[in-house]
Amino acid sequence: MPNRERRKYSYTPLAEAVMRVGQKVNFYGVVAEYEQPKPTRGRDLLCTMTVIDMSYNSPGLRVLFFAPEVDMMPRVRDLGDVIRFHRIQMKSHLGAPQATGNPNMGSSFAVLRGCEGGDYVPYHDSSRSGCTVEASDRNIVGLLRTWASSHPIDTLAGTSKYMKQIKDVNVDSYFDVCCKILFVSEQGAENNAVMYVWDGTDASPACLDPSDQSESGDPGQELWSAKQLAVPVDVMRGFPALGTVLPLDPSGMADDDFGPQLPVAGDWVKLRNIGCRVRKGLYEGVLHHGSKIGILSPSAQAVQNCERAYEERLASDALRLPQWCPQPPQSILVTGYDHVKVSALREVLTYPEVTYKFRCMVRVMATWPSDVLDFCVPKDDGAAQPRDHLEQGDFVFAVRLTLEDPTARLHVFLYGEDAVEFFVGCPAANLRHQGHTVGVLKRKVDRLLGVTEHGPRNPPWVTCCLKSYYLDKDHPRETRRYRVFGTRFPG
DNA sequence: TTTTGGGG
């Protein structure tokens, strides 16, 4: 544009910018923290970030950028990327400098990759006609890239007094968590997405929330027997084998039309200021208006720590066990296959072969039927006769157990001879005529379910063997079922 | 035009 005078911008080092409270400034910076656009109580969306440069490396400058639409605010892909702002307002908040931008007051931005040797074309900018990058701009960007390559930006990310791992979450307080997004589902008529997040650790067994009580007379069994996660098995197959997958409800962050800008599967994020609740005996993360979704680089220390710890877990027989089961593990159930590696229930659920055998460390959350009186049913060939005319030998155990470990819940069947072996000394019978057997069964089942005189149930960790099978050989995966075998409850 | 949120 030789015949038009080009506006010349001067860029202020951050150390100087923070001295110019009340003025509008232009600056370049390296993004050290970035939180996704989210709704505000006002008309605009807000995205926040911390930028640094060689003059102002720590703690960096907080930038708040408001805009009515997501596309009008900087969409930073990775920490360490370079950002340029024009006409951004310097302010002070509680003694700390901060900058606010808003297209309404003429603010504009351009974001470029942060890696050395990268090009000088912004991958996102606010100008309709494309923004200008001159030789002086390339110089600044190059200097920042070189400087950033020798200054890990990671020091800020992943540390706060609120930081928790998934194994330590509880309903009592708000917290932060660094985690990987495994899956984001659209579901329900409200089109509410659910995010499923993971950090390689195991959530503790949740106490049944009093507000989570079922209204039926059944003491909570129905809740406990609910299957987990509305995640298709094919999706779950892509999940890591171990570690809790925590569902996260972002709807509390929404404001009328806008939800938060959600990350996608595979991203690592730092969730800030989130809560937790218990639904059907399982933890669920909850975002609220004050929550934030910050991005993390795969190279971030927090991410590396998660991945390294997880690799260690995978490789160690002892660390593979649920993190909340007693060490060394003890079990009131006995299996004959103690040398066999323990599988997590997610591995059982996603195993590629449909007929297979596993050993698991689980808790028995519920039985169905819930009354041991109904544990035995007439065999098929006797079903036509009145129940009272049947011989004892005409009955068979048919019980469904809900098993839980930190990775999944699973319905398994305890049937026939496997059940007779399991209950040791309690043959199948018309239990309505077998008071003694019923008493023995009831005591065993109560111990399995962790029933106590008063207070919430707390099922003990037990080892058990499972085998998978199918009902229809033409559709083995669709009709896969699981049975307990090779497992005894002596005493 | 000047909010919103501003780490808790």
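The structure displayed is predicted, hence computed values, not measured ones. Order of the sequence lines sets the chain letters (A, B, ...), proteins ahead of strands, with each chain counted from 1.
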Test item: A:Ser136 and A:Tyr11 side chains (from C-beta on) under 4.5 Å apart, heavy atoms: no

How is A:Leu46 classified with respect to the nucleic acid when contacts are heavy atoms under 4.0 Å: base, sugar-phosphate, or nothing? sugar-phosphate

A:Phe66 ring over B:dT3 six-membered base ring, under 5.5 Å and 30°: no

Starting at atom NE2 of A:His289, determine the distance to atom P of B:dT4, rounded to an integer number of angstrom. 11 Å

Check this one for me: any side-chain N or O of A:Lys164 less than 4.0 Å away from OP1 or OP2 of B:dG8? no

Tell me the interatomic distance from A:His93, atom NE2, to B:dG5, atom P, rounded to whole angstroms. 12 Å

Heavy atoms under 4.0 Å, any strand shown: does A:Thr48 hit a base, just sugar-phosphate, or nothing? nothing

Counting only heavy atoms not in A:Met105 (residues, nucleotides, ligands), do more than 12 fall under 6.0 Å from its CE? yes

Counting only distance, no hydrogens or angles, is the base of B:dG8 paired donor-acceptor with the side chain of A:Asp176 under 3.5 Å? yes

Check the distance between B:dG5's C1' and A:Ile293's CD1 and give it to me in whole angstrom. 17 Å

Residue A:Tyr174 excluded, over 12 heavy atoms near OH under 6.0 Å: no

5'-most contact on DNA chain B (nearest-nucleotide basis), A:Pro103 vs A:Thr100, goes to A:Pro103

Send over the distance from A:Arg41 CZ to B:dT3 C1', rounded to a whole Å. 13 Å

To the nearest Å, how far apart are A:Phe65 CZ and B:dG5 P? 17 Å

Would you kindly check whether a donor in the side chain of A:Asn102 faces an acceptor in the base of B:dT2, or vice versa, at under 3.5 angstrom? no

Out of B:dG5, B:dG7, B:dT3, whichever nucleotide has its closest atom nearest the side chain of A:Arg62: B:dG7

Can you tell me the distance, in whole Å, between the CD atom of A:Gln89 and the P atom of B:dT3? 10 Å

Side-chain donor/acceptor of A:Asp44 to base of B:dT4, under 3.5 Å: yes

Side chain of A:Tyr162: nearest nucleotide among B:dT4, B:dG5, B:dG8? B:dG8

Taking the side chain as every heavy atom from C-beta outward, state whether A:Gln323 and A:Gln165 have any atom pair closer than 4.5 Å. no

Nearest-Å distance, CG (A:Leu94) to P (B:dG8)? 8 Å

Between A:Tyr196 and A:Phe239, does the ring centre distance come in under 6.0 Å? no

Distance in angstrom units between A:Met49 CE and B:dG7 C1', rounded: 16 Å

From the options B:dG8, B:dG7, B:dT4, select the nucleotide whose nearest atom is closest to the side chain of A:Tyr174. B:dG8

Side-chain atoms of A:Met105 come closest, of B:dT2, B:dG7, B:dG8, to B:dT2

